[in-house]
Amino acid sequence: MAKAFVIDVAKCSGCYNCQLACKDEHCGNDWTPYAKPQPMTGQFWCKVQDNVRGTIPKVKIHYISKMCGHCRNAACMDVCEHDAIYRRDDGFVIIDPEKCTGCKKCQQACPYDAIYFNEELGIAQKCTGCAHLLDNGFKQPRCSEACPTDAMVFGEEEDLADLIKDAVVLQPEAGLGPRVYYKNIPGRFIGATVYDPVEKEVIIGAKCVLTGGGKEYETETDSYGDFWFRDLAETEFRLEITAEGFKPLVFEKLDTHNDINLGDVPMEK
């Protein structure tokens with residue numbers, strides 16, 4: 001059996017506890033044979049990435065905690081010519097600090113930028129899954145233990161099957177089979193504020209119909225004149241806005257490869 005992480009992005013509050021706990025565990029501590037001390041700066045074996053999307057005032061933010069995926073088909077292992085990278089029985093991929101020659105080939109091969117180079121020691125370093133803690137009876141690595149919202153769940157991959165079935169991995173096209181899974185990564189959005197330029201008031205209850213990618217979505221403007229279409233696929237959409245007493249508005253070829261804030265949208269009577 002192999003260990004895995006499942007991270008629910010919808011539950012992550014961006015508190016950075018996982019990142020801070022990782023630094024606390026590894027900076028100034030020598031956990032040979034799994035890892036030499038992590039430098040105080042420049043390395044984040046567990047790193048929280050802020051994702052700010054849209055433009056003011058239509059802005060959304062979510063956080064993704066990133067670390068080594070301990071991949072089934074680990075590219076770092078394939079390129080290491082010194083047998084310095086190996087896989088434990090629990091699936092964790094380890095860089096042996098005593099065997100690493102500092103050639104940096106593993107760092108170059110990792111598409112997740114999860115491997116760092118320690119200039120002072122001349123070795124590659126990354127997340128170990130806190131293997132030293134697991135070997136001493138601890139049930140979790142420091143990052144998942146420190147998560148206050150249970151956004152990060154750690155355990156046996158088979159035991160986490162119900163969570164993993166609805167999850168995705170980052171950069172699946174790399175074909176490496178990482179064992180860090182993510183749930184509820186938000187899709188793209190389209191948003192705007194609809195208003196009457198003559199009365200200088202927002203329009204409440206305007207019907208908004210979005211079509212594209214073989215699907216149709218419908219919503220209405222709220223008490224602030226705002227509407228949102230969330231979790232959209234990356235494709236082209238057609239948007240039609242109608243309201244009683246106003247001329248319909250149509251937006252063609254809205255490309256959601258980026259989030260779209262249409263801003264303040266006036267409707268004519």
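- The nearest pair of heavy atoms linking Ile95 to Cys100 is CG2-CB, 4.2 Å.
- Using a 4.0 Å cut-off between charged side-chain N and carboxylate O, Asp8 and Lys183 make no salt bridge.
- Side-chain atoms of Gln38 and Gln125 include no donor-acceptor pair closer than 3.5 Å.
- One finds no salt bridge joining Arg188 and Asp231 here, because no Lys/Arg side-chain nitrogen approaches an Asp/Glu carboxylate oxygen to under 4.0 Å.
- The two atoms that bring Gly177 and Asn73 nearest to each other are N-ND2, 4.5 Å, heavy atoms only.
- Without hydrogens or angle criteria, Lys126 side chain to Val93 main chain gives a donor-acceptor distance under 3.5 Å.
- Aromatic ring pairs are classed by plane angle as parallel below 30°, tilted from 30° to 60° and perpendicular above 60°; the pair Tyr16 and Tyr63 is perpendicular.
- With respect to Lys36 and Glu120, no salt bridge is recorded, no charged nitrogen being found less than 4.0 Å from a carboxylate O.
- For Glu158, the CD atom sits in a loose shell: 12 or fewer heavy atoms of surrounding residues, nucleotides or ligands are nearer than 6.0 Å.
- Annotation: Tyr86, atom OH; neighbour count of heavy atoms from other residues, nucleotides and ligands within 6.0 Å is above 12.
- Of all non-hydrogen atoms in Ile115 and Cys106, the two that sit nearest each other are CD1-O, 3.5 Å.
- Two residues are said to be in side-chain contact when any heavy atoms from C-beta on lie closer than 4.5 Å; Glu218 and Lys207 meet this criterion.
- Heavy atoms from other residues, nucleotides or ligands lying under 6.0 Å from NZ of Lys47 number 12 at most.
- A distance of 13.0 Å separates CH2 of Trp228 from SG of Cys208, quoted to the nearest 0.5 Å.
- Here the closest non-hydrogen pair linking Leu134 and Phe138 is CD2-O, 3.2 Å.
- Salt-bridge formation is detected for the pair Arg142/Asp24: a Lys NZ or Arg NE/NH1/NH2 atom is positioned less than 4.0 Å from an Asp or Glu carboxylate oxygen.
- For the pair Lys58 and Phe189, the cation does not sit on the ring face, since its NZ or CZ is not both under 6.0 Å from the ring centre and inside 45° of the axis.
- If you look at Tyr34 and His132, their ring centroids are not closer than 6.0 Å.
- Atom CD of residue Glu25 and atom SG of residue Cys143 lie 10.5 Å apart, to the nearest 0.5 angstrom.
- Judged purely by atom type and a 3.5 angstrom limit, Lys23 uses its side chain to pair as donor or acceptor with the backbone of Pro39.
- Open room surrounds CG on Asp150; 12 or fewer heavy atoms of other groups in view lie less than 6.0 Å from it.
- Taking each heavy atom of Cys68 and Cys127 in turn, the nearest pair found is CB-CB, 4.0 Å.
- The structure places CH2 of Trp31 at 6.5 Å from CG of Leu133, a figure rounded to the nearest 0.5 Å.
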Report task. Begin from the C-alpha positions of Phe246 and Glu268 and carry the test side-chain contact (heavy atoms from CB on, under 4.5 Å) through to its verdict. Result -> CA-CA 6 Å; Phe246 293 88; Glu268 297 180 3; 5.9 Å; no

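- Between Phe92 and Phe5, the two ring planes are tilted [angle within 30° to 60°].
- Using a distance-only test at 3.5 Å, with no hydrogens or angles considered, no donor-acceptor pair links the side chain of Asn118 to the main chain of Gly122.
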Report task. Determine, step by step, whether Cys18 and Ser144 satisfy the side-chain contact (heavy atoms from CB on, under 4.5 Å) criterion, reporting the C-alpha distance in whole Å, the side-chain angles of both residues, the deciding distance to 0.1 Å, and the verdict. Result -> CA-CA 7 Å; Cys18 55; Ser144 59; over 6 Å; no

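- Between the side chains of Gln49 and Lys66, at least one donor N or O sits under 3.5 Å from an acceptor N or O.
- Among all heavy-atom pairs drawn from Ala192 and Asn261, the shortest one is CA-OD1, 4.5 Å.
- Remark: side-chain polar atoms of Arg72 are not paired, donor with acceptor, to backbone N or O of Gly175 under 3.5 angstrom.
- The structure places OG1 of Thr242 at 6.5 Å from CE of Met267, a figure rounded to the nearest 0.5 Å.
- Contact annotation: the side chain of Thr221 never approaches that of Asp226 to less than 4.5 Å [non-hydrogen atoms, C-beta and beyond].
- Pro248 places a side-chain heavy atom less than 4.5 Å from the side chain of Glu240.
- The backbone N or O of Gly187 sits less than 3.5 Å from a side-chain atom of Arg53, completing a donor-acceptor pair.
- The number of heavy-atom neighbours closer than 6.0 Å to CG of Asp83, taken from other residues, nucleotides and ligands shown, is 12 or below.
- Rounded to the nearest 0.5 Å, atoms CD1 (Ile7) and CD1 (Ile64) are 9.0 Å apart.
- At distances below 3.5 Å, not a single donor-acceptor pair connects side-chain atoms of Glu236 with backbone N or O atoms of Leu254.
- Ion pairing between a basic and an acidic side chain is recognised when a charged N comes within 4.0 Å of a carboxylate O; Lys3 and Glu157 show no such pairing.
- Taking CZ from Phe227 and CG from Leu210, the interatomic distance works out to 8.0 Å, rounded to the nearest 0.5 Å.
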